[in-house]
Amino acid sequence: MADDQEKVVSLEERMPQLKHSRKRRANRRFYMVMILIILLILIIVYIQSPLSHVKSIETTGNSTLETEKIVELSSVQLDDSFWQLKLNEIKEQVEQHPEIEKVEISREWYNTVLISVSEYERVAYQQSGDYFYPILQNGERLERVELKLPREDAPLLHNFEGEFLQDVAKQMASMPDSISRLISEIYYEPNDQDQRRVRLFTIDGQEIIATIDQLADKMESYPSIAAQIQEESMEGVLHLDVGAYFVPYESSDDEERVEIDNGS
């Protein structure tokens with residue numbers, strides 16, 4: 001009988017603890033539900049408010065294309081939903097421009113869309129009709145960019161088409177700017193011995209014969225060669241196709257050629 005009384009007393013003593021524990025669990029569930037409801041309300045309010053809209057569109061990596069043009073290509077506008085932007089679609093739209101090689105799109109704090117681009121370099125110009133058109137490093141001619149006069153940052157090409165245009169553009173792209181800007185014009189002039197023969201004119205008035213495939217490598221030594229020619233006050237044609245030698249204008253053939261030290 002005593003044992004039964006002890007069990008009843010023990011159970012009665014535990015009842016308040018059980019009730020308190022259940023109440024605490026109920027309160028926790030209630031608070032968690034309330035927090036979730038508040039968060040959902042805040043998210044809905046945020047999405048519907050101007051705080052979730054695009055506030056700024058920035059570009060990096062563009063030197064030739066204007067920022068306004070890249071933003072136009074992206075179709076992103078201020079006050080578009082910041083989180084509903086389809087970044088892959090924007091990337092594809094911007095990459096459609098022939099001067100753009102690669103694009104990366106990212107969301108930046110605060111509500112800024114960052115468009116990072118890598119441009120194809122303009123390595124030359126080519127005349128067609130009354131206009132001059134930029135040539136990109138991949139050999140593509142920008143038909144939509146019509147210039148009354150070519151700029152002085154790259155040479156003017158003559159008679160290049162197809163694979164020869166692509167190859168000379170790649171050679172120009174691999175030259176340092178300090179070398180490529182010394183060239184004013186390049187003519188495609190093949191002969192029976194060399195179907196890839198070219199004739200160059202430099203900004204200091206030098207005439208050069210070379211071949212397309214070795215153009216970048218051969219022109220690296222031009223500044224030192226030009227110094228030798230100027231020191232000797234020679235006038236004629238510099239040949240950089242096979243070795244390096246100089247033929248004076250007075251000479252009718254290669255018999256009077258002058259060997260040049262090209263530093264190789």
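The structure presented is a predicted model; accordingly, all values stated were derived computationally and were not measured.
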For [X] and [Y], indicate whether the former's side chain and the latter's backbone hold a donor-acceptor pair under 3.5 Å.
X	Y	value
Glu235	Pro248	no
Arg107	Leu85	yes
Gln195	Asn191	yes
Glu189	Arg199	no

Can you see which heavy atom on [X] is nearest to which on [Y], and at what distance?
X	Y	value
Ala216	Gln171	N-OE1, 2.9 Å
Gln206	Phe246	NE2-CE1, 3.6 Å
Gln126	Leu157	CG-O, 3.8 Å
Ser75	Asp80	O-OD2, 4.1 Å
Thr60	Ser116	OG1-OG, 3.1 Å
Asp204	Ala226	OD2-CB, 4.3 Å

Notebook entry, point to check: Mind checking whether Phe201 and Tyr187 have parallel, tilted or perpendicular rings, split at 30° and 60°?
Noted result: perpendicular
Would [X] and [Y] pass as an ion pair if we require N to O under 4.0 Å?
X	Y	value
Glu99	Arg122	yes
Glu143	Arg141	yes
Lys148	Asp130	no
Glu104	Lys91	no

Checking [Y] against [X]: is there a side-chain donor and acceptor pair closer than 3.5 Å?
X	Y	answer
Asp241	Thr211	no
Glu108	Ser106	yes
Glu140	Tyr120	no

[X] versus [Y]: any side-chain heavy-atom pair under 4.5 Å?
X	Y	value
Ile115	Leu73	no
Val113	Phe82	yes
His97	Leu65	yes
Asp177	Glu121	yes
Glu72	Lys69	yes
Val117	Glu95	no
Gln77	Val71	no
Leu147	Tyr131	no

Would the number of heavy atoms belonging to other residues, nucleotides or ligands and lying under 6.0 Å from [atom1] of [X] be above 12?
X	atom1	value
Gln127	CD	yes
Glu146	CD	yes
Lys102	NZ	no

Item checked: Derivation and outcome, side chain to side chain contact (heavy atoms under 4.5 Å, CB included), residues Val33 and Arg28 -> CA-CA 9 Å; Val33 171; Arg28 280 201 298 266; over 6 Å; no
Next item on the list: Evaluate the criterion side chain to side chain contact (heavy atoms under 4.5 Å, CB included) for residue pair Asn111 and Val54; output intermediate values, then yes/no.
Entry: CA-CA 5 Å; Asn111 291 29; Val54 175; 5.9 Å; no
Item checked: Nearest-0.5 Å distance, OG of residue Ser128 to OH of residue Tyr133 -> 5.5 Å
Same cluster for [X] and [Y] if Ile/Leu/Val/Met/Phe/Trp/Tyr side chains link at under 4.5 Å?
X	Y	value
Val103	Leu136	no
Ile225	Val198	yes
Met175	Leu200	yes

Notebook entry, point to check: Could you walk me through whether Phe164 and Arg196 pass the side chain to side chain contact (heavy atoms under 4.5 Å, CB included) check?
Noted result: CA-CA 8 Å; Phe164 301 109; Arg196 302 176 70 79; 3.6 Å; yes
Item checked: Check against side chain to side chain contact (heavy atoms under 4.5 Å, CB included), Met219 and Ile208 -> CA-CA 10 Å; Met219 284 301 296; Ile208 303 171; 4.0 Å; yes
Notebook entry, point to check: Between Phe132 and Tyr125, does the ring centroid distance fall short of 6.0 Å?
Noted result: no
